[in-house]
Asker: 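This is the structure I have questions about; it appears just below.
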Amino acid sequence: MDIIVCIKQVPGTTNVEVDPLTGVLIRDGVESKLNPYDLFALELAMQLNAADGGQTSVISMGPPQAGAVVREAIFMGAVGGKVVSDRRFAGADVLATSYTLSQGLRKMADFDLLICGKQTTDGDTGQVGAEIAEFLGLPHIGNVLAVEEIKNREIVVKVNLDSSIVRQKLPLPCLICTDGDINTPRLPSYRRKKEFNEASLVFISLEDFDDKDESHYGLSGSPTQVERIFPPEKNQEKQMFHGSGTELAANVYALLHEQKFVD
Amino acid sequence: MAYFKINQELIDPEKAALLKDICPFSAISSENGRLEISAACKMCKLCIKKGPQGVIELVEDEEITLNKDEWRGIAVFTEHNKGEIHNVTLELIGKARELALVTGHPVYALMLGSDIKEAAAKLLHYGADKVFVYDYPELADFKIDLYTNAFSDFINKVKPSSIMVGATNLGRTLAPRVAARQRTGLTADCTRLEMKENSDLVQIRPAFGGNIMAQIVTPKHRPQFCTVRYKVFSTPAPLEHFNGELVLLELLPEQLQSVYEILSIEEKPREVDISEAEIIVAAGRGLKSKDDVALIEELAKLLGGVSACTRPLVENGWFDPKRQIGLSGRTVKPKLIITVGISGSVQFVAGMRNSDCIIAINEAENAPIFDVAHYGICGDLNEIIPQLLEMIRGEQEHGL
């Protein structure tokens with residue numbers, strides 16, 4: 001069974017603040033890493049390959065530096081990967097990102113299963129997987145806890161749906177999004193790192209797509225627009241208490257009493 | 001089409017260095033005196049706003065024309081389990097009514113399922129002007145293809161201007177599928193919503209891991225689509241007088257053909273759900289040892305509430321992950337939350353800032369938790385909590 005996993009490079013830290021005076025973003029460090037949720041998706045793919053054969057490739061959209069996460073996936077066990085990278089993709093929202101990835105996926109070899117992680121740690125939306133499936137006209141399912149069976153071009157998955165666990169069957173090819181923390185992802189292999197072949201990492205851009213209309217990508221292809229960014233508001237009407245432990249305990253007690261939380 | 005134009009003739013090494021510093025995404029680089037913007041660019045436009053004037057320009061051309069008057073109504077997707085309506089739906093209907101005051105648009109609810117007309121009628125009590133119902137045996141269980149078909153059919157027939165969906169697992173699976181089919185935008189996990197007079201929905205959400213709020217609009221597309229987590233907005237009181245109506249909508253037989261087969265549904269056991277709690281005592285990294293957890297548990301018990309925590313205390317195994325508050329945990333909106341030894345990372349605060357009363361106990365005077373607290377108690381939890389427990393138990397004078 002041939003699998004493609006969609007992965008993303010995310011900032012290594014989420015410590016971003018807005019300078020209240022200038023409105024400029026302040027970022028601590030520039031390190032980036034493979035989105036942690038994608039590790040579970042990659043591990044699931046490797047396990048399915050081990051059980052049923054086939055191979056896993058990855059796709060990532062981002063700047064040229066995103067090649068680093070594709071390499072990491074290859075060290076984990078993927079056979080190769082593509083980075084979809086083009087300045088004209090800049091500023092893409094969920095819809096434009098999903099469309100771009102769906103165009104990139106059309107340029108990959110045939111696959112039986114697409115796997116996405118639950119969400120990314122920088123965007124936190126968890127929506128791109130479902131939108132890719134819609135653009136590719138594939139069935140999809142989110143919050144997958146386990147793949148129970150693959151037989152006769154059908155897959156049985158266990159899904160975490162709010163108040164219940166649902167087992168359902170859908171036809172291949174399809175797209176599944178893993179739930180968080182469903183397995184223990186393997187570490188990158190040293191041997192695979194030594195054997196890495198640059199040819200297994202390929203960059204593609206808008207010129208390689210079927211749809212080359214620039215207005216469908218990046219900021220132009222994004223229905224949503226960020227009007228402004230601002231630091232979270234502070235509560236101006238707070239009351240502060242200082243003093244000894246006993247005094248402060250009495251202050252808290254008085255507050256709880258006043259608001260009828262204690263008699 | 002919109003893009004950045006770089007006026008290379010205005011570049012000098014100083015300006016190039018300044019621009020490189022301004023860009024929070026490291027997307028700007030210069031080589032041989034030429035400036036380049038890479039695909040890392042998120043179009044945040046800070047280089048235009050904060051950089052040397054005129055070097056980078058945003059060039060926009062032809063506007064897409066959209067007749068916003070053709071799209072009327074604020075619609076809420078109804079999340080339910082066999083007719084039992086999830087509270088997030090009521091919260092969203094309450095919010096929709098508020099937003100509708102600005103534009104005078106009607107408030108709609110959309111409900112999909114089997115044998116649900118009676119349940120759907122309940123939504124009228126909360127002020128929905130129309131409840132649109134697709135009532136088919138095929139819709140009894142959540143099948144993504146059928147639900148997407150019905151949802152899209154509703155949008156095509158009714159043309160609502162804005163749509164709100166609860167950010168449950170079901171909502172997060174369904175909303176993007178429908179938004180992509182409609183080729184429109186979708187903003188996840190909004191924490192604030194406002195309405196402009198021209199019917200543009202202002203969607204505000206934490207971004208970049210939650211340390212920054214982003215205000216997002218969908219100015220040239222309809223419907224405008226967003227998801228909102230449970231407990232972000234308040235439940236409205238049911239109305240005594242209401243005059244909305246139920247509208248049954250129909251699907252074609254081919255819209256009811258599914259490729260999904262449900263094999264089994266196993267109800268999850270009812271567990272403590274901190275997002276339902278009215279009183280919460282939450283613990284953070286200020287706790288020195290696992291023994292301190294007992295203090296937190298006892299305070300919660302004495303107040304008739306539940307204990308909760310921040311992410312580090314889940315990671316070190318002191319609390320169950322289901323007790324975690326924050327962006328990667330649950331959102332809570334209790335009547336009272338006492339935070340103990342929590343500094344207040346934005347990720348945590350995003351999950352509790354709407355609580356009615358926030359009492360924060362923390363040693364560091366400048367901890368960000370005090371920026372959201374209604375009452376800030378600056379002191380050592382190990383001195384305060386044991387004495388507070390004694391006062392509540394009536395074992396110590398409390399000076400009242």
Side-chain angles (χ1 to χ4, degrees), chain A residues 14 16-18 24-25 27 30 63 85-87 89-91 93-95 125-127 130-131 134-135 139 142-143 161-171 214-215 219-220 223-230 232 234-235 238-242 245-246 248-250 252-253 255 257 261-262, chain B residues 1-2 24 26 37-43 46 50 81 168-170 172-173 176-177 180-181 184-188 208-209 211-218 221 259-268 303 336 346 371-379 383-384 387-388 391-392 398-400:
Chain A
T14 49
V16 191
E17 280 178 45
V18 181
V24 173
L25 287 172
R27 230 166 221 241
V30 284
S85 186
D86 197 308
R87 214 188 109 186
F89 301 155
D93 70 354
V94 169
L95 191 81
T125 68
Q127 299 173 337
E131 296 212 354
E134 178 65 27
F135 280 123
N143 303 97
L161 202 65
D162 308 292
S163 59
S164 51
I165 304 286
V166 181
R167 286 174 59 245
Q168 52 189 302
K169 186 154 79 177
L170 51 162
E214 292 184 18
S215 70
L219 191 64
S220 302
T224 62
Q225 291 180 12
V226 177
E227 270 191 327
R228 65 179 182 119
I229 51 174
F230 56 97
K234 296 180 175 184
N235 174 17
K238 68 169 167 181
Q239 211 178 326
M240 287 295 291
F241 296 90
H242 296 87
T246 315
L248 291 174
V252 178
Y253 184 86
L255 288 170
H257 183 78
F261 291 112
V262 294
Chain B
M1 185 57 203
S26 314
I37 301 179
S38 80
C41 171
K42 299 256 192 281
M43 291 275 180
L46 281 173
K50 308 289 172 188
N81 185 7
T168 57
N169 285 359
L170 187 155
R172 283 168 194 274
T173 302
R177 189 97 209 189
R181 188 164 295 182
T184 191
L186 171 60
T187 307
F208 307 117
N211 292 6
I212 288 170
M213 306 301 290
Q215 178 169 325
I216 296 162
V217 288
T218 318
H221 291 76
V259 300
Y260 295 75
E261 186 186 337
I262 309 284
L263 303 175
S264 70
I265 299 176
E266 179 196 334
E267 294 292 315
K268 285 189 212 164
L303 294 171
L336 168 70
V346 184
D371 293 333
V372 290
H374 303 103
Y375 304 100
I377 313 292
C378 189
E383 289 179 23
I384 300 169
Q387 299 197 62
L388 176 62
M391 288 174 192
I392 298 174
H398 42 66
L400 285 183

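Model, not experiment: these values are computed from the prediction. Letters A, B, ... are given to chains in the order of the sequence lines, protein chains preceding strands, and every chain is numbered from 1.
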Asker: Would you say B:Leu303 and A:Val262 make side-chain contact, with heavy atoms under 4.5 Å?
Answerer: yes
Asker: Are side-chain heavy atoms of B:Leu186 and A:Leu95 found at a separation under 4.5 Å?
Answerer: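 Not touching, per the 4.5 Å side-chain cut-off.
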Asker: For B:Leu170, does its backbone N or O pair with a side-chain atom of A:Asp162 as donor and acceptor, under 3.5 Å?
Answerer: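 Present.
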Asker: Do A:Ser163 and B:Lys268 have side chains that approach each other closer than 4.5 Å (heavy atoms only, starting at C-beta)?
Answerer: no
Asker: If you count heavy-atom pairs within less than 4.5 Å of chain B, which of A:Asn143, A:Asp93, A:Asp86 leads?
Answerer: A:Asn143
Asker: For B:Gln387 and A:Thr246, work out which heavy atoms get closest and say how close.
Answerer: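 Minimum heavy-atom contact is OE1-OG1, 3.0 Å.
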Asker: For chain A, which candidate among B:Gly185, B:Ala188, B:Gly376, B:Ala214 shows the most heavy-atom pairs at distances under 4.5 Å?
Answerer: B:Gly376
Asker: How close do B:Pro176 and A:Ala130 get, counting heavy atoms only, and between which atoms?
Answerer: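 B:Pro176 and A:Ala130 have their closest heavy atoms at CG-CB, 3.5 Å.
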Asker: Roughly how far, to the nearest 0.5 Å, is the CG atom of B:Leu388 from the OH atom of A:Tyr253?
Answerer: 9.0 Å
Asker: Can you confirm whether B:Gln215 sits close enough to A:Phe230 that some side-chain heavy atom of one is under 4.5 Å from a side-chain heavy atom of the other?
Answerer: yes
Asker: Is there a donor-acceptor contact under 3.5 Å linking the side chains of A:Ser164 and B:Glu267?
Answerer: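 Distance-only check fails for A:Ser164 and B:Glu267.
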Asker: Please determine, among A:Gly142, A:Pro171, A:Gly126, the option with the most heavy-atom pairs under 4.5 Å with chain B.
Answerer: A:Pro171
Asker: Hey, what do you get for CZ (B:Arg177) to CD (A:Gln127), rounding to the nearest 0.5 Å?
Answerer: 14.0 Å
Asker: Is any side-chain heavy atom of A:Phe241 closer than 4.5 Å to one of B:Cys378?
Answerer: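 In short, these two side chains do not touch, never coming nearer than 4.5 Å.
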Asker: For A:Arg87, enumerate each residue passing the salt bridge (Lys or Arg N to Asp or Glu O under 4.0 Å) test, keeping only those at least two apart in sequence or located in another chain.
Answerer: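 None.
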Asker: Ignoring hydrogens, what is the shortest heavy-atom contact between B:Ile262 and A:Gln168? Give both atom names and the distance.
Answerer: CD1-OE1, 3.9 Å
Asker: About how many Å separate CG of A:Leu248 and CD1 of B:Ile384, when rounded to the nearest 0.5 Å?
Answerer: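 One finds 4.5 Å between CD1 of B:Ile384 and CG of A:Leu248.
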Asker: Please classify the contact between A:Leu161 and chain B as side chain, backbone, both or neither, with a heavy-atom cut-off of under 4.5 Å.
Answerer: both
Asker: Among the options A:Ile165, A:Val166, A:Leu170, pick out the one with the most heavy-atom pairs lying under 4.5 Å from chain B.
Answerer: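 Winner by heavy-atom pair count: A:Ile165.
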Asker: Nearest heavy-atom pair of A:Lys238 and B:Ala373: which atoms, and what distance?
Answerer: CB-O, 3.2 Å
Asker: To the closest 0.5 Å, what do you measure between CD1 (B:Ile265) and CZ (A:Arg167)?
Answerer: 11.5 Å
Asker: Using a cut-off of under 4.5 Å for heavy-atom pairs, which of A:Ala90, A:Gly245, A:Pro223 has the most such pairs with chain B?
Answerer: A:Pro223
Asker: State, to 0.1 Å, how close A:Phe261 and B:Leu336 come at their nearest heavy-atom pair, and which atoms those are.
Answerer: CZ-CB, 3.4 Å
Asker: How would you list, by chain and number, every residue that makes a salt bridge (Lys or Arg N to Asp or Glu O under 4.0 Å) with A:Lys169, sequence neighbours excluded?
Answerer: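 Checked A:Lys169 against salt bridge (Lys or Arg N to Asp or Glu O under 4.0 Å); matches are A:Glu154, B:Glu261.
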